[in-house]
Undergrad: 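Would you mind keeping the following structure in view while I ask a few things?
Only this structure's heavy atoms are used, side chains among them; waters, hydrogens and symmetry mates stay out. The residues of the chain are indexed from 1 along the displayed sequence. Counting starts at 1 for both ligands and their atoms, in listed order.
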Amino acid sequence: MTRTFAVIGDPIEHSLSPSIHNAAFKALNLDCTYIAYRIPRGELKEGIESLRQIKISGFNVTIPYKIEMMQYLDESSPECKMIGATNTVSNENGRFIGYNTDMDGFLEPIKKRNIGISGEDVLVLGSGGAARAIVAGFAKEKAKKITVANRTIQKAQELSKFASDLGAESDHVALSGIDVSKYKFIINATSVGLKNEPSPIPTDMINSSHVVYDIIYMPMNTDLITQSKKNSATIIYGYEMLLGQATLAFQIWHKTPAPYDTMKKVLLGGF
Ligand code: ATR
């Protein structure tokens with residue numbers, strides 16, 4: 001019987017996950033299908049019930065449901081509990097088990113480049129769901145200090161407290177007037193750049209000592225990335241995190257290594 005997978009969210013029509021996973025099924029000859037399922041805001045409970053009815057094999061969770069989905073899980077992984085959000089659910093004999101592959105998916109491109117995190121200073125721009133998984137990742141990898149900057153300062157303060165609770169040294173600053181020279185890693189986890197806006201922070205002081213990682217994958221070259229590249233910083237693209245979380249979700253569901261190159265090809269072809 002064909003196994004069905006999905007990504008749920010609202011809006012969902014621009015999600016690249018169906019293309020990535022369906023390409024992987026084809027490459028490995030798996031009798032599976034992956035669909036985008038829009039669950040309108042306020043209707044998550046009913047949406048989840050219908051996924052149970054059709055015996056969905058697994059699904060990804062995206063904006064705005066990563067946190068709210070936690071209450072519909074029968075069980076959750078340690079990462080999922082730690083972050084307080086889920087992006088991957090597996091149906092194991094009728095039980096919905098929650099995972100979070102955003103954190104390790106985010107870290108994967110850094111590790112692949114052999115860039116050390118331990119003992120380094122980190123600047124995280126943004127304080128939403130994605131920033132939370134990123135902060136948890138840096139805390140796990142023993143960054144020296146995690147500085148959170150956000151437009152709404154109270155949310156930056158809350159995320160900084162979350163980092164401290166995970167055992168990391170942390171503080172928060174306003175998004176304006178940031179001195180980037182103090183940090184090795186500069187991460188954009190705001191949505192600034194999605195609509196080709198200018199970088200959320202000034203880029204003139206960014207140089208070859210910085211690792212600049214923008215989690216926005218569409219457009220691939222945000223203003224922050226373009227300017228940082230000009231200044232010779234090490235660049236990590238948002239599509240790499242997208243691929244990282246997708247391959248980890250694939251491995252949870254199919255218990256086999258994901259065809260990374262196939263997934264990358266379809267993703268880059270989609271831009
Ligand atoms: P996600 O789940 O992708 O993290 P989110 O929870 O909606 O999405 O978070 C979006 C982030 O982008 C927030 O940090 C938000 O800042 P606020 O907390 O102040 O809302 C940030 N953001 C969105 N638009 C912004 C803008 N125009 N300028 C600066 N920050 C912005």
Side-chain angles (χ1 to χ4, degrees), residues 7-17 36 38-39 41-42 44 59-70 79-80 82-89 98-107 122-139 146-163 170-178 180 185-203 212-220 222-225 227 236-246 249:
V7 54
I8 64 165
D10 183 23
I12 202 66
E13 55 272 24
H14 298 299
S15 172
L16 294 169
S17 295
R38 187 177 77 92
I39 298 180
R41 285 166 198 250
L44 181 61
F59 55 98
N60 283 128
V61 183
T62 188
I63 291 173
Y65 297 129
K66 288 185 182 184
I67 295 169
E68 193 185 347
M69 183 62 213
M70 292 293 288
E79 284 90 7
C80 194
M82 177 173 82
I83 300 164
T86 183
N87 77 318
T88 302
V89 179
Y99 299 87
N100 192 309
T101 68
D102 282 334
M103 180 177 77
D104 286 333
F106 168 80
L107 292 173
V122 177
L123 173 65
V124 176
L125 310 174
S127 297
R132 215 173 146 83
I134 290 165
V135 161
F138 279 119
I146 303 168
T147 300
V148 181
N150 195 49
R151 176 179 60 181
T152 310
I153 200 78
Q154 192 204 337
K155 285 178 71 188
Q157 193 173 0
E158 284 165 12
L159 187 57
S160 177
K161 178 168 186 311
F162 171 71
S170 181
D171 64 0
H172 68 282
V173 296
L175 202 47
S176 56
I178 290 173
V180 294
F185 291 92
I186 300 170
I187 315 298
N188 180 36
T190 72
S191 44
V192 180
L194 267 175
K195 296 177 189 149
N196 284 306
E197 302 95 321
S199 164
I201 54 165
T203 52
V212 178
Y213 190 165
D214 196 330
I215 70 161
I216 291 177
Y217 55 84
M218 188 99 83
M220 187 168 137
T222 58
D223 183 48
L224 172 64
I225 289 289
Q227 300 305 329
I236 305 183
Y237 291 99
Y239 82 81
E240 299 180 66
M241 175 178 178
L242 181 66
L243 265 178
Q245 65 77 28

Undergrad: Relative to the ring of Phe138, is the ring of Phe185 parallel (under 30°), tilted (30 to 60°) or perpendicular (over 60°)?
TA: tilted

Undergrad: Closest approach of Val212 and Ile225, non-hydrogen atoms and distance?
TA: O-CD1, 4.2 Å

Undergrad: Looking at Val61, Thr62, Val89, which hits side chain to side chain contact (heavy atoms under 4.5 Å, CB included) with Ile8?
TA: Val61

Undergrad: Tell me the residues surrounding ligand 1, counting only those with a heavy atom closer than 4.0 angstrom, sorted by chain and number.
TA: Ile63, Gly126, Ser127, Gly128, Gly129, Ala130, Asn150, Arg151, Thr152, Lys155, Leu175, Thr190, Ser191, Val192

Undergrad: Between Met218 and Leu194, what is the shortest heavy-atom contact and its length?
TA: O-CD2, 3.4 Å

Undergrad: Above 12 or not: heavy atoms from other molecules or residues under 6.0 Å from CD of Glu13?
TA: yes

Undergrad: What residues, two or more places apart in sequence or in another chain, satisfy salt bridge (charged side-chain N to carboxylate O under 4.0 Å, His left out) together with Asp214?
TA: none

